[in-house]
Amino acid sequence: MTDDISKKKPASATPIPQNIPDAFLKPYDPASTEDRIYELWEKSSPKSGYFNPDNLPERNQKGDPFSIVLPPPNVTGTLHMGHAAMLAIEDIMIRYARMQGKKTLWLPGTDHAAIATQSKVEGIIYKEEKKRRHDLGREEFLKRVEKFAQDSHDTIVNQVRKMGSSIDWSREAFTLDEKRNIAVRTAFKKMYDDGLIYRGHRIVNWDPKGQTTISDDEMVYQDETTKFYYFKYGPFTIGTARPETKFGDKYVVMHPDDTRFAEYKHGQKIDLEWINGPITATVIKDTAIDMTFGTGVMTITPWHSVVDFEIAERHGLDKEQIIDSYGKLLPIAGEFSGMKITDARGKIVEKLKAKGLLVKEEDYSHRVATAERTGALVEPQIMNQWFIGVNQEFDHNGKKTTLKQLMQNAVKKDGIKILPDRFEKTYFSWIDNLRDWCISRQIWYGHRIPVWYRTVDGKEEIYCDIEAPQGSDWKQDEDTLDTWFSSGLWTFSTLGWPDEKEFAKMRMYHPTSVLETGYDIIFFWVARMILMSTYILGEIPFQTVYLHGLVRDGQGRKMSKSLGNIIDPLDMVKKYGADATRLSLIIGTGPGNDTKLSEDKVKGYKNFANKLWNITRFVLGSTEGHTYDPNFTAWSATDTQYITEFKALLSEVTKEMEEYKFYLVGEKLYHYAWHTFADKILEESKVIFANKDTSAFADQKSRAQFLLHTLYSILKALHPFMPFVTEEIWGLLPVHKDKQHLIVENWPA
RNA sequence: GCGGGAUUAGCUCAGUUGGUAGAGCAGCUCAUUUACACUGAGAAGGUCGGGGGUUCAAGUCCCUCAUCCCGCACCA
């Protein structure tokens, strides 16, 4: 309760000193403060106020640029604690840079998140109306998705504001708005012209439920125990966990060095009896075979296995489709044609057993790939899709290179620093294993591929450009782009590119200073931004990558609906204030490590905000009659000592700010303010000020100045961490009534 | 299988050129019209996961084992 506590005081209590603003007679109340303060910053001038670098004071205009683009939250719903942590960390960096006098830009936006958003809306429509997207048609369906995306966007923007983010709303972007669409088409055309984007029949990850391709990174592997069967295959015994794919198998592969099969020669033909009758198999020798696994011999299904596909490519073998895009067997399966693979497996084994071809079966545990969004088992398929060739050599500013090399060099040579640095290793090993990136998706929500087709005299013509070609006989590709294609452009598509005039105005902010994001999207996003920026602009997208961890509950469990342990950032802001919420997400968390968060922790930092409030009340009360003198020098011996200690603390934390050790800075300032400044120095000051002897005046004067000087510095240093309460106090200090707002004050040196 | 991380007080974690173990929370004892109860003072609590090594000196460096967590790769 925030009752007027002065009521509880008897009439005889010490009179309230005159220089304490009335506000301090009640405990600090974030709820009635924060929105007002946010407006103060934002409305300080038109177009985003202090959040817009163009409106910053003179010294910032001359300062070095500092920029961060917000990792755009997906418009699939609301923000969670992970987002809140991201916003807190980035706002600390931004406010710190601004106070250092840098020309500081933090640019907001949201991500259309193609598959994620589309499947979310499909789910809702099916639940409410029992309709599928094809029942609505492309146009109507997209309208529904856009409505949903707009609502999500509005919720997200509100949440970002509530956290106190000093972000430039006048420059907000969306990965699927008109400007970003032009950027996407421009980038696509450039890659197409350079031969880096190609269309071809290659093996892709097919999601039979979502009816679309997905990228390697959109798969989750699940442990599964299944049967592993050994079948007689002519003179060999082959092992498989997927008998239903074996219909077309007519190649039997073994390692060239395997002495057990030395009598069989590469290319040798062998007649044998198989599932649906006699076939002729061909012996293939390939080093991809693991001699120690199973029997050391296998048959291959190039259409439905990445490894088999590669073997088939190497030896120029036939590839046959066995399973259709819905997960049903094709006519090649004979009597099993039309059956779902899950139903067919047992029946096929039975048949092979009946034919005497089943040697044995055993339990086998492995991991199966499922689609992250739909949960369906991923079925590799050979399909005609669009790809980015990462190993394709091309001419880049006069030098031969590949996209893979560009991505490696960005971190190896061009100075991108990844924090914590152990993730550099992760990054490199991902790139080493990188295959061509399949960028086409068979979904409707997203950037349509800027390619048009027509048939002239029975021949297909392809046209790729930013705008549609003239003539009515051209038909645009039905597919959309992988959502990460547009996200990859984010650091510069938000700064006006490809519009030359607009981009020139914002050019100074690129490369951006820091990319702050979760370690879980280092591959999805960080690597793709490096690819796009080094390829298109010939420069790195950011200088430093700061990776934060997951926010877990108090016991270290993931927050999830089923566990019921989700802490909603807005609830915390409402109950304890944004400052407390921010601090609870910062302290005790280094880069790359997961954070544990409990409501008690947030509560504790709310108390700290109130502590600052009361510290100010005490300092103002006890220094009545003293005016803040910036040039004061007649310090007492004790105060000189305190000043030395405090200055040491400030230079320590400044160094730690530069090293991104915000968890240390927050904790140290918290500890100093509460347990040194308040508990020791303020308590001691009571004695000093109580002395009525004239000989004590010098010490009192010194102490009064020390308290005022130090309080102001504490408020400044804490501002990036707790912007609301510090700004509110700052504005209430009598000496600062006409001065500038704390948000643009200088960082205390 | 390959790689990474963690293991320090009951809980959550700091501890970055090796130099006598630190904080917050919880618990315990005390204080009670105090700037602030959203408070203060105090005490207690750890053979730094086990073992070995380097060193005058190891939570910190090296080796090894154990447990837990997380990526990546997958093998028919």
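Letters A, B, ... mirror the listed sequences (proteins, then strands); counts begin at 1.
Between the P atoms of C62(B) and U54(B), the separation comes to 15 Å (whole Å). If you take atom P in U8(B) and the same atom in G71(B), they sit 22 Å apart, rounded to whole Å. Between C25(B) and C61(B), the two C1' atoms lie 33 Å apart (nearest whole Å). Rounded to whole Å, the C1' atom of G24(B) lies 15 Å from the corresponding atom of G15(B). Comparing the P positions of A44(B) and U7(B) gives an interatomic distance of 27 Å, to the nearest angstrom. For the P atoms, the distance linking C28(B) with A66(B) amounts to 41 Å, nearest Å. Distance noted for atom C1' between A6(B) and G49(B): 11 Å (whole Å). Going from the C1' atom of C68(B) to that of C30(B) covers 41 Å, rounded to whole Å.
Arg582(A) places no side-chain N or O within 3.5 Å of a backbone atom of Ala578(A) that could act as its donor or acceptor partner. A donor-acceptor contact shorter than 3.5 Å is absent between the side chain of Gln321(A) and the backbone of His304(A). Of the possible polar contacts, one joining the Asn433(A) side chain to the Ser429(A) backbone as a donor-acceptor pair under 3.5 Å is found. In terms of modelled atom types and a separation under 3.5 Å, the side chain of Asp207(A) and the main chain of Ala371(A) share no donor-acceptor contact. Panel note: side chain Glu310(A), backbone Ser305(A); no donor-acceptor pair is recorded below 3.5 Å.
In this structure, Trp430(A) and Phe523(A) have parallel ring planes: the angle between them is below the 30° cut-off, well short of the 60° mark.
Whole-Å rounding puts the Leu434(A) CG to C72(B) C1' distance at 13 Å. When rounded to the nearest whole Å, the span between NZ of Lys227(A) and P of C75(B) equals 21 Å. We find that CZ of Phe618(A) is positioned 20 Å from P of C38(B), with the value rounded to whole Å. Computed from coordinates, the Ile522(A) CD1 to G4(B) C1' distance equals 12 Å when rounded to whole Å. A straight line from CG of Asp286(A) to C1' of A76(B) spans 12 Å, rounded to a whole angstrom. Look at OH on Tyr519(A): it is 6 Å from C1' on C70(B), rounded to the nearest Å. Computed from coordinates, the Tyr576(A) OH to C38(B) P distance equals 13 Å when rounded to whole Å. Atom C1' of nucleotide A35(B) and atom CD of Glu684(A) are separated by 16 Å, given to the nearest angstrom.
Contact between the side-chain N/O atoms of Lys611(A) and the OP1/OP2 oxygens of C38(B) is not found at any separation under 4.0 Å.
Place Ile615(A) and His366(A) on RNA chain B by their nearest nucleotides, and Ile615(A) ends up nearer the 5' end. Toward the 5' end of RNA chain B, the nearer of the two residues Val368(A) and Thr616(A), judged by each one's closest nucleotide, is Thr616(A).
Nucleic acid contact for Leu664(A): base, since at least one base atom lies under 4.0 Å from a heavy atom of the residue. No engagement by Val253(A) is indicated, since no non-hydrogen atom pair under 4.0 Å with the nucleic acid exists. Across all strands shown, Thr240(A) has heavy atoms under 4.0 Å from sugar-phosphate atoms exclusively, and none from any base. Nucleic acid contact for Asp594(A): none, since no nucleic acid atom lies under 4.0 Å from a heavy atom of the residue. Here Lys686(A) lies in heavy-atom contact (under 4.0 Å) with a base. Within the 4.0 angstrom heavy-atom criterion, base atoms lie near Ile289(A). As judged by a 4.0 angstrom heavy-atom cut-off over every strand, Glu659(A) is placed among residues making no nucleic acid contact. Residue contacts for Ala609(A): at a heavy-atom cut-off of 4.0 Å it reaches no nucleic acid atom on any strand shown. Nucleic acid contact class of Thr299(A) (heavy atoms, under 4.0 Å, all strands): sugar-phosphate only.
With respect to the salt-bridge test (charged N to carboxylate O, under 4.0 angstrom), the residues Glu683(A) and Lys686(A) qualify. Look at Glu273(A) and Lys232(A) and you find no salt bridge, because none of the NZ, NE, NH1 or NH2 atoms lies under 4.0 Å from a carboxylate O.
With C38(B), A76(B), A35(B) as the choices, the nucleotide that has an atom nearest any side-chain atom of Lys606(A) turns out to be C38(B). Set against A41(B), A35(B), A73(B), the side chain of Arg367(A) has A73(B) as its closest nucleotide. Listed candidates were A35(B), C38(B), G4(B). Nearest to the side chain of Lys425(A) is G4(B). Of all nucleotides listed (A76(B), C75(B), C38(B)), C38(B) comes nearest to the side chain of Asn610(A). Nearest nucleotide to the Phe523(A) side chain, out of A76(B), G40(B), G71(B): G71(B).
Judged by the 6.0 Å and 45° rule, Lys246(A) forms no cation-pi pair with Tyr233(A). For Lys360(A) and Tyr230(A), the positive end sits near the middle of the six-membered ring, less than 6.0 Å away and at most 45° from its axis.
Between Tyr364(A) and His366(A), the gap from one ring centroid to the other is short of 6.0 Å. When ring centroids are compared, Phe608(A) and Tyr670(A) come within the 6.0 Å threshold. In summary, the aromatic rings of Phe336(A) and Phe247(A) are positioned with their centroids under 6.0 Å apart. Aromatic pair His709(A)/Tyr628(A): centroids less than 6.0 angstrom apart.
Under 3.5 Å, the side chain of Lys661(A) and the base of U16(B) form at least one donor-acceptor pair of N or O atoms. Remark: the Arg242(A) side chain and the A76(B) base include no donor-acceptor N/O pair separated by less than 3.5 Å.
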Let me have RNA chain B in dot-bracket notation, would you? Count Watson-Crick plus G-U wobble pairs, both distances under 3.5 Å, and use [ ] for pairs crossing earlier ones and | for inter-strand partners. ((((((((.[[[[.)...(..]]]]..((((.......))))......[[[[[..)....]]]]])))))))....
Sugar-phosphate atoms are those with a prime plus P, OP1 and OP2; base atoms are the rest. Using that split, label each nucleotide of nucleotides 5-11 of chain B B, S or - for protein heavy atoms under 4.0 Å, 5' to 3'. S------
Sugar-phosphate means primed atoms, P, OP1 and OP2; the rest is base. With that split, encode nucleotides 22-28 of chain B 5' to 3' as B, S or - using protein heavy atoms under 4.0 Å. -SS----
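Counting non-hydrogen atoms of other residues, nucleotides and ligands closer than 6.0 Å to NZ of Lys668(A) gives a total above 12.
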